[in-house]
There are 2 protein chains.
Amino acid sequence: MSAFSRFTSLAASLPSSVPFVGPEAIERNRKLAVKARIGANESGFGPAPSVLEAIRQAATETWMYADPENFELREALAIHHGISRDNIAIGNGVDGLLGEIVRLVVEPGTPVVTSLGGYPTFNYHVKGFGGRLETTPYLDDHENLDGLLDLVKKENAPLVYFANPDNPMGSWWDASEVLTFAKALPDTCLLVLDEAYCETAPESAVPSVRAIIGMPNVLRMRTFSKAYGLAGARVGYAIGTLGNAQAFDKIRNHFGMPRVSVAAAMAALKDQAYLRDVVKRIANARERISTIARQNGLSPLPSATNFVAIDCHKDATYAKSIVDGLMDHGVFIRMPGVEPLNRCIRVSAAPDDKLDLFADALPKVLKALG
Amino acid sequence: MSAFSRFTSLAASLPSSVPFVGPEAIERNRKLAVKARIGANESGFGPAPSVLEAIRQAATETWMYADPENFELREALAIHHGISRDNIAIGNGVDGLLGEIVRLVVEPGTPVVTSLGGYPTFNYHVKGFGGRLETTPYLDDHENLDGLLDLVKKENAPLVYFANPDNPMGSWWDASEVLTFAKALPDTCLLVLDEAYCETAPESAVPSVRAIIGMPNVLRMRTFSKAYGLAGARVGYAIGTLGNAQAFDKIRNHFGMPRVSVAAAMAALKDQAYLRDVVKRIANARERISTIARQNGLSPLPSATNFVAIDCHKDATYAKSIVDGLMDHGVFIRMPGVEPLNRCIRVSAAPDDKLDLFADALPKVLKALG
């Protein structure tokens, strides 16, 4: 290995790992080509044509660093949400922002609460800063709000993660329940409310921005990676109090935002007509995925996201065989990582030509599995 | 402020600061427009036309996350340098990589050695992880290699930063001296050899990649931000032993690279003819900046970078007045931050129309200052 001999004891103890294996690695390792990329909850519908044009226009500006204050993007988001730009912090997607939040709160040994089977990248960051993960199981495929609250209190945890709508199950809570949970938390615990999928959720599932904006122990995470179709641009933002938004300025890579990505996010935010249209197409795709599942004797779960979790009615080994079998046909999907969620597979919304491949391959795979 | 009450004591102690104020912030704060952006060592010559085309082509792929293993870019870089792709780690520019290296090595109180007046973003990261900066002054506007070595030994420091060529002074050491320094360091000290400006340096100033590749206490930093003209893309890479390159995988944001940026870097690397051409144009621009300086009674320092430090023969107040005065004319430049370097101003290489503005404004500013 010939690594440097004096990395911190924490760094030395960490594995070189990745929260998710990318489809490109699967292609290389299995010598297969992905024909339907419907596993990473990207949006195969893509960003708006106006966004593609903005990227092309911004290409000639790529020689310049982006504004380290992200002033214009924060201003546009502030107007969009009816808040102040000082309530907003920009980062390299929710993943990047999660790393920064964890760094602000977690030291070696700090207890951190999340759901058993929740977002692996959050867990990756917690471990990366030496935190101690404390988890509570899902309840009926929903994150268990009472369980999370109890665990926060029991562990006196300063950080809790909750995604609404949820990934990987697609389930959600109503806004009133989210608010009740946020307000029940001790003010010594910071709630990371991951709303990466909020654009595809029923309106009733998303608390108004103003309802939480004054709470110093809540940070809401939003992204351009999902409904806006810009996963590859790496633009996310956190909404919180002035003090919390400014806390990112203590540690973030100020010149870290790609200039073209910022231009893309600005254009995407402006084109709300496209967003409304694509949200409908995502809803239709969820319906189609559900129909395909039912036609094959499987049970789709209700979803407020851009994917559908499908109950395959057996164990993780069986679900894994379906994931692997579909890949033999060039159909890349994923599945939850822990019991009992891992009886399911997870399929991302996509245009019909991609779902055709899924519809075609699934019965063949199931038949081969017997 | 209404910030969360339980940030770590380290986080609570950090200021919300930025290593550099961006030109956009200066424009907003002073209500002035930047007409010549020649202060941030970006490349006004821009990336190659082939790179702009690659960005435009990649726009339609922005809905996908980039390959978290950065396989193709590492492979292309490996071939370019004649090493293995396992010797390479990709990150969000040198700035992002520096943050990761500091995180791997620095805990609260860890001594870290650098030059007094060296790259502020490195210092920002060291403070951000609670490290204790130990500095040695420049010697005749060069980083003092003997001074750095002595300080490493005296402090038993596990990390030392050295830029060759240097920013902000533009000075450099020959490859043999760099090698002697690297080999003289105790193997308990990791050398961060920042070579952001190596493409514009004399060949004799850059040790061969193979000369250092086996040393577990050296990491070399390269970037597409300078000569390649892609500051806004945020693509840098570290070259080191297998074990050191893989150490980044313990903590990095695996899905953090922007897809369009990776495509841009691939295209830039491919177009070495453009790089050779732009390096000549940068050299010519350095000459022109030096001539303008001399015509105004100032003294340009020799430079191996894409900028020129200019000795204004007085104190920091005077140099600051020149920086501010030039901005009144829409000419954005910067200056070193500490004595005795801050008797200088720093002007980035740029196309002639931008240097025309500098040539026009400088005598007016100097005259007004008397």
Side-chain angles (χ1 to χ4, degrees), chain A residues 1-8 11 14 16 18 22 24-25 40 42-43 46-47 52 55-56 59-69 92 95-96 99 104-105 107 128 158 188 190 216-217 229-234 241-244 246-247 249-251 253-256 258-261, chain B residues 1-8 11 14 16 18 22 24-25 40 42-43 46-47 52 55-56 59-69 92 95-96 99 104-105 107 128 158 188 190 216-217 229-234 241-244 246-247 249-251 253-256 258-261:
Chain A
M1 288 292 292
S2 54
F4 177 56
S5 59
R6 262 176 95 183
F7 288 135
T8 66
L14 294 170
S16 290
V18 53
E24 295 85 358
E42 300 156 330
S43 180
L52 297 180
I55 292 173
R56 293 182 186 118
T60 55
E61 297 181 2
T62 308
W63 65 275
M64 293 182 275
Y65 292 107
D67 173 16
E69 297 184 1
N92 291 117
D95 284 2
L104 287 168
V105 177
E107 293 171 322
T188 51
L190 181 66
N217 67 328
L230 286 169
R234 311 288 50 227
T241 60
L242 171 76
N244 286 344
Q246 287 190 345
D249 290 340
K250 296 166 178 272
I251 57 163
N253 184 9
H254 288 261
F255 287 85
R259 187 137 186 146
V260 163
S261 296
Chain B
M1 286 293 290
S2 54
F4 177 56
S5 60
R6 262 175 93 181
F7 288 134
T8 66
L14 294 170
S16 289
V18 52
E24 296 85 359
E42 299 156 331
S43 180
L52 296 180
I55 292 173
R56 293 182 186 117
T60 54
E61 296 181 3
T62 308
W63 67 273
M64 292 182 277
Y65 292 106
D67 172 16
E69 296 183 2
N92 291 117
D95 284 3
L104 287 167
V105 177
E107 293 171 322
T188 51
L190 181 66
N217 67 328
L230 286 170
R234 312 286 50 225
T241 60
L242 171 76
N244 286 345
Q246 287 191 346
D249 290 339
K250 297 166 178 272
I251 58 162
N253 185 9
H254 288 260
F255 287 86
R259 186 136 186 148
V260 163
S261 296

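This one's a predicted model, so the numbers in the text were calculated from it and none came from an experiment. Convention: sequence-line order gives letters A, B, ...; per-chain numbering from 1.
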| query | Once you round to the nearest 0.5 Å, how far does CG of A:N253 lie from CZ of B:R234? | reply | 6.5 Å

| Largest heavy-atom contact set with chain B, pairs under 4.5 Å, which of A:N217, A:T188, A:D95, A:V260 | A:T188

| request: Identify which of A:T60, A:I251, A:N92 forms the greatest number of heavy-atom pairs closer than 4.5 Å to chain B. | output: A:I251

| message | With a 3.5 Å distance limit and no angle check, can you tell me whether A:E42 reaches the backbone of B:Y65 through a side-chain donor-acceptor pair? | response | yes

| Winner by heavy-atom pair count (cut-off under 4.5 Å) against chain B, out of A:A59, A:P158, A:A11 | A:P158

| Highest number of heavy-atom pairs under 4.5 Å with chain B: which of A:S43, A:G128, A:A66, A:A40? | A:S43

| Short side-chain to backbone donor-acceptor contact, A:T241 and B:S2, under 3.5 Å | yes

| For B:V105 and A:F7, what are the C-alpha separation, side-chain angles and deciding distance, and is it a side chain to side chain contact (heavy atoms under 4.5 Å, CB included)? | CA-CA 5 Å; B:V105 177; A:F7 288 135; 3.9 Å; yes

| remark: In terms of heavy-atom pairs under 4.5 Å with chain A, the winner among B:G256, B:G99, B:S261 is B:G256

| field | Which of A:I55, A:L14, A:D67 touches chain B most, by non-hydrogen pairs under 4.5 Å | value | A:D67

| B:F4 CZ to A:N244 CG distance, which is reported to the nearest 0.5 Å | 8.0 Å

| message | As an exercise: rank A:R259, A:H254, A:R56 by heavy-atom pairs under 4.5 Å with chain B and give me the winner. | response | A:H254

